[in-house]
Each structure stands twice: as structure tokens, then as C-alpha cells.
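See structure below.
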There are 2 protein chains.
Amino acid sequence: MSQACNFIRGTMMKATIYDVAKEAGVSIATVSNAINGKGKVSSKKREQIFEIMKKLNYQPSVIASALMGKKTYTLGLLIPDISNPFFAEVARAIEDQAHLSGYSVIICSTDNKDERVERYISLLEQKSVDGMIIATGVDNPDILAGLEARNVPIVMLSRENDALSVDAVVADDYVGGMMAGRHLAELGHRRMAVLSENRKVSSSRERLRGFKQALAERQIPFDDADIVICEHKVEEGKRAALALLGRPEKPTALFCCNDLLAIGAMQGAKELGVRVPEELSIVGFDNTILAEVTDPPLTTVAQPIAGMGKQAFQLLIEKLTEDDAARQRIVLRPELVVRGSTCAASFPR
Amino acid sequence: MSQACNFIRGTMMKATIYDVAKEAGVSIATVSNAINGKGKVSSKKREQIFEIMKKLNYQPSVIASALMGKKTYTLGLLIPDISNPFFAEVARAIEDQAHLSGYSVIICSTDNKDERVERYISLLEQKSVDGMIIATGVDNPDILAGLEARNVPIVMLSRENDALSVDAVVADDYVGGMMAGRHLAELGHRRMAVLSENRKVSSSRERLRGFKQALAERQIPFDDADIVICEHKVEEGKRAALALLGRPEKPTALFCCNDLLAIGAMQGAKELGVRVPEELSIVGFDNTILAEVTDPPLTTVAQPIAGMGKQAFQLLIEKLTEDDAARQRIVLRPELVVRGSTCAASFPR
DNA sequence: CTGAAAGCGCTTACAG
DNA sequence: CTGAAAGCGCTTACAG
């Protein structure tokens, strides 16, 4: 039995390419060629080899072949937080696409802290991932520059970096912001406010810009004092809504740069006894599962998450295989999903 | 310059252990020893070596050391779906714990399909992960048995397998079910129904058993006809609620084996104009972010997610390092979180 | 069509 | 305290 030496105290060692070569009476080179469809291997031998592989339950070691310069079929996904529904949905979209090509994805929740970003990137490089998809904020531009210099393939998802011309797939945030603004304007709202993320977040910046543009086109007044900057958290949305609704000239509609903020705003309104949507219309952004679950359900701008994940993965694969792939920026169109949190302004001017 | 040969057409190759050895004027064995704190290396040399490492930006290759039998510092996490908030929160808990020890986690969404489970397991083994945390349903017992036979360290999370005595960390689902039952009973409910998952899901089975026990102890009648089996989806919960509330003797309270079902039930009730909680109390299970976001907010049994993730990871590490670690089953206590979806029965008998 | 041999970047006895 | 050498499980020219 060629397997005899394979048993050690009752535990079977994994079969290696040597085991199958010996059993098949060929060299390891031939086994390797058979597996990879390289070189010429007679079909009888090939079949024979495959049979032995099955019999020995042989699984080639990705580790070993990676050491010879082949791919690890593993990639890193940097996101702020996997427990945030938006990023969880993004992760699923990427995972599904990756899995079709035998790729695995390592999750890296950064909490938007550069320190964590750097730690994760270092780990991922030591583990020789084939590439990274970056959907988290990275403040220090040197971090991305370093990645470029070390020739690590990356694509940005839902974020961008103005300084570096790096591949990216994003939703058309500007248009999404416009959709929100137009929707509320058409409902007759004239006093609106915005809950936005930090200006460093390119997507929020664009959404806000689009929103303002929609109002400007309709000569609806909007002042930067009507913008409240929040972190990406429910409580922050609530806090902001409480503040805005406490003002003398309180808004009749709120545009929130993500669903979490919108939900917080709904909670704030409820706490003050302000009815949504009758007294306050709210529109969010992202269209995560949360938007379907609130009461009333949230009107929001849907990001094409599945499409974004798919494109990001494919872009990364292109960069891996074509050494001189041109830089690309893929922009996907968002879509307004009208649910119950918006209605006509009750006191149109 | 020792780095001279390291530049190829403008791209810098990664430094290897040979580069730092040469630069430091020592052998690679010494560099290896210095890095791993093995053998004896004079402190002057050690310091010198570390300096060179920094200068060359040397990152040891996990791939290469894994090939020599060391760990890959990567583990697989099998869950039904990363975009389900409960599992996303579980993933984050595990990721955080893993990250503290330099571990990375690969996400594997199985959709509870054995076919996907097998594919993922095979991929993970080829990639030589150090172990797996399994928080998904696995119908075919041969799959887990195979893992055991091949000596792959695994720990089950939130799921169990009666057949195999495999390590597991779970919430005390039985007690959780009792908490729900007791809460509703104390509110005066006498006609209750349950939305449960498939009987194959050990956690749901236990929750149901605990719930029934709580009612039995109080002589509250409960019939198995009051159980509706659902998949783990909002729509399923809605469908079930619609059916239950259409019955002549409709229930005044619902216990749902997870938050998603509870939310569906709330939506079903609303569709029929049944007010929650005045006419229908609803309690969920899990305490995901969704429970805070519904209106009314959901009363639910909280699983100690962070604790479960931590324990699961630590258990796995124990199995990795101690070759004869005893089997363990860690049971964590859940906690009832009372919010707005439950209140006293309006027509107590 | 097939195989012997070198090599990927490390670790680990084993000498000295 | 330090280094030469073998080896992990593969792939890839290169001969034949």
C-alpha cells in the first residue's frame, strides 16, 4: 500500500503531489501538468492521474503553488464595519462574485481608523493576497501610495481618492443626491436640511452637491447652516434631528446621506412628537434592509450594491491578469425608492 | 547597493530573508531565529537585523513559513449569509477577537446549502486555513465527520450537532425560549403562537422547547398547531402572521425564533390593521440592530454575540495549540430586552 | 509526451 | 552564538 506511510497514529496525512505521482507511476511534473492543463499529457495518463487524485482525496496546496509565484486566490476587503448592514451587503455581493472564480475574501473592519487600515494592509501583504478592494476611508494618502509603489492591485469601492488615479467603482452619488432633492422639491418642500457625513467622505460630499444642485435649479433656498455633520451612526442622526427640529424655522424635509442617519432622524422626530411623513419627510441613502423595516418604511436612494460588488471584483481581476490594464472609473446609476417616509409638504409656500 | 538587483523596470521586488541576511552579513538562519525569538542570537546582531528589516521594509512571507508547517493565521467562518445582520454582528465579534492575535477571517456565506458548504470547506482546506468556525446548518453529517477525520480544527457556533461531539459555543436557547414564554405569560397572554425555523435547526428547536416549558409550568395551553415553520426571512414571518391572524381564535402574542421573523410578523399585523403591541404582542430573538429600528422597537431575547464570538475564537485557538484539548461546550446566558412590542394582554381570560 | 532538477522563501535540526 | 544544508509541496524551463 503506497498509503502505508501516510498513517501516523491513526491520523491520515494529507496526500501530496508525490503520493499521486508515485501511485500513478509518473513524475510529479506530469501530475502538475495534468492538473493545470499545461504541456502535453496523454489522455490515458491524465485520466489515470485524476482517478488516483480522487482515490487519495488529493487537494493541491494553494500555499505551495503560491510560493512558486501563482496566485493565492484570496483577496482582502477593507470596509469600515462588517456589522453595518450596508457594508455587509457589499461584502456579500463581492463574496458571491469572488466565489465564482474560486476566490476567498478576508474581511477587514477598519472603523475608519488609519491605524487599523495599516495593520490590516500589512497582514494582507504578508499573507500574499492577490489584491484588495478598499471601501473604507483612508485619510493618509501615503497609505494608498505605498500600495501602488509595492504594486499591490487595488480597487476602491464607493470611495475615491482625488490625489491618486486609482481604479474605482462608485454609485453616481451626485445624481443620487439630485434625485433626493428633486423628489422633495416636487413634493413641495421649501425648507430642507441635510444630515451629512464628514467632508472627507467623497460620497457624502457628492450627494450633498447633487442635492444642492437640484434645489438651486428650482430656486429653492438652501443655506449651509442647514447642514449637520454626523458620524455614520443612528444616534448621530437622532442627535442632529433633535437639534434641527428645535430651531424656530424648522425644516419640513430632511435628506440624510445614509440610511442609518435617516433612521436616527426618524427616532428623533418621534421623540419630539413630530409625525413622519405628515410633518417631516425623510429620505435616506443606500437602501439597506433597514429601510424596509422602519415604520414608516424609508424613502431612500438605492445604491446598486450587487452591481458594484460585481464590477469591483471584475476590475480587480483585470488588473491581476492584464499587467497594463488602463485605469478605470466605473459609475453606476442609483435609483430612488419611494416608500412611506416622504409626502407632500403640508404648508407649501 | 545590495538592493540594486531588486529593481526591475521601476518596480521594487519584495525583500526576502536573503536580502536582509546579505545586508546584515549573517545567514538566513540567524535572521529567522532573530525574528522568531528562537535559538540564541546576540543582541547586537538582533538589533542590527531588525534595523535592516525596517530599512528594506521586509515583511516575512506567511506563505513560505506555512509551507514549513507553521500556521497561516487565517481561519474560515461559515455562516448562512453575511448580509443577515445577526451573522454580520457575529462576524464582527470574531474578526475583532481574531485580529488581536494576527488572525484573518475568510467569510463563507453558505445559504444553508450543503453544496456550498462543501465547496467552501474544500477551498479553505486547499488554502490551509488553521481552522474553521461553523455557524451554519450542515445537513449531511459526513461533512463534519470528514473534517474531523482530516484533523481540521473546528468549533461550532450557535449550532450544534448531536451526532458528533464537536466543540461548540451556544447561547442557552432553552433558557432564552423560557424567558420569552415567561415574559408573555406574566403579561397575561393566554393564546400564543410561535414562528419557528425548521426543526433541523437545533437553536430554534431549543427555543421552542423552552417557550413551551414556560407555558406548561403556568398551565397555559399551547398546541403544536400554533407553531408555524418559516425560513429565516422577513417575508416568511409576514406570511405566517397573516395566516395566524386570520384564524378565528387569533393569538394575542407571538414568539418568533429570530428578529427577522418578528419583523415580518409586525408587518403582517400592520397590513391587517392589528395594532402592536395593543392587540398583538411580539417577541423576537437575537437582538440585532433591526430590533432597535422597528416601530415599535422590538422586545427580544438578546444573544451575547460579542461573548460568543470571543469564546468561539479562543476555543479554536486552544484546539490549535493543545493537541489533546478536551471537548468543550460553552453555553452563554441570553437576556430578555423589553422594548415596545409587548404589553399586557387586553382581554386576559 | 515525460521526467530530472532547480527554485520559491522560509524553518529546523544538526554541527561547529 | 552562528551557519550549511535539507526540506515543505508545488511549478517551470529544459532535455530527451
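Remember, predicted model here, so these are calculated numbers, not experimental data. Below, chains carry the letters A, B, ... as their sequence lines are ordered, and counting in each starts from 1.
Dashed line: the shortest gap from a side-chain N or O of N33(B) to OP1 or OP2 of dC1(D) is not under 4.0 Å. Side-chain N/O atoms of S27(B) include one lying less than 4.0 angstrom from OP1 or OP2 on dG3(D). An OP1 or OP2 oxygen of dT2(C) is reached within less than 4.0 angstrom by a side-chain nitrogen or oxygen of S42(A). For S32(B), a side-chain nitrogen or oxygen approaches OP1 or OP2 of dT11(C) to under 4.0 Å.
For S65(A), counting side-chain heavy atoms from C-beta on, the closest listed nucleotide (dG3(C), dC10(D), dT2(D)) is dC10(D). Distances from the side chain of T16(A) to the nucleotides dC10(D), dA5(D), dT12(D) place dC10(D) closest.
Distance, R46(A) CZ to dC1(C) P: 9 Å, rounded to whole Å. A straight line from NZ of K70(A) to P of dC8(C) spans 17 Å, rounded to a whole angstrom. For L67(A) and dC10(D), the CG to C1' distance is 8 Å, given to the nearest whole Å. Taking atom CD1 of I17(B) as the reference point, atom C1' of dG7(C) lies 16 Å away to the nearest angstrom. For K127(A) and dC10(C), the NZ to P distance is 16 Å, given to the nearest whole Å. The CE atom of M68(A) sits 11 Å away from the C1' atom of dG9(C) (whole-angstrom rounding). Taking atom CD1 of I28(A) as the reference point, atom C1' of dG9(D) lies 8 Å away to the nearest angstrom. The interatomic distance linking D19(B) (CG) with dG9(C) (C1') rounds to 11 Å, in whole Å.
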Let's test your reading of the pairing rules: Watson-Crick or G-U wobble, both distances under 3.5 Å, then write DNA chain D as a dot-bracket string with ( ), [ ], | and dots. |||.||||||||.|||

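Residues I35(B) and Y58(B) share a closest heavy-atom pair of CD1-CE2, 3.6 Å. Residues I49(A) and A34(A) approach most closely at CD1-CB, 4.0 Å, considering heavy atoms.
Evaluation of atom-type donor-acceptor distances gives a pair under 3.5 Å for the side chain of Y18(A) against the base of dC10(D).
For the pair E125(B) and L147(B), the minimum side-chain heavy-atom distance is below 4.5 Å. Two residues are said to be in side-chain contact when any heavy atoms from C-beta on lie closer than 4.5 Å; R329(A) and V170(A) meet this criterion. Using a 4.5 Å heavy-atom threshold, the side chains of D111(B) and P80(B) count as separate. Between R159(B) and V201(B) the shortest side-chain heavy-atom distance falls below 4.5 Å.
In terms of the salt bridge (Lys or Arg N to Asp or Glu O under 4.0 Å) criterion, E118(B) has no residue partners (sequence neighbours excluded).
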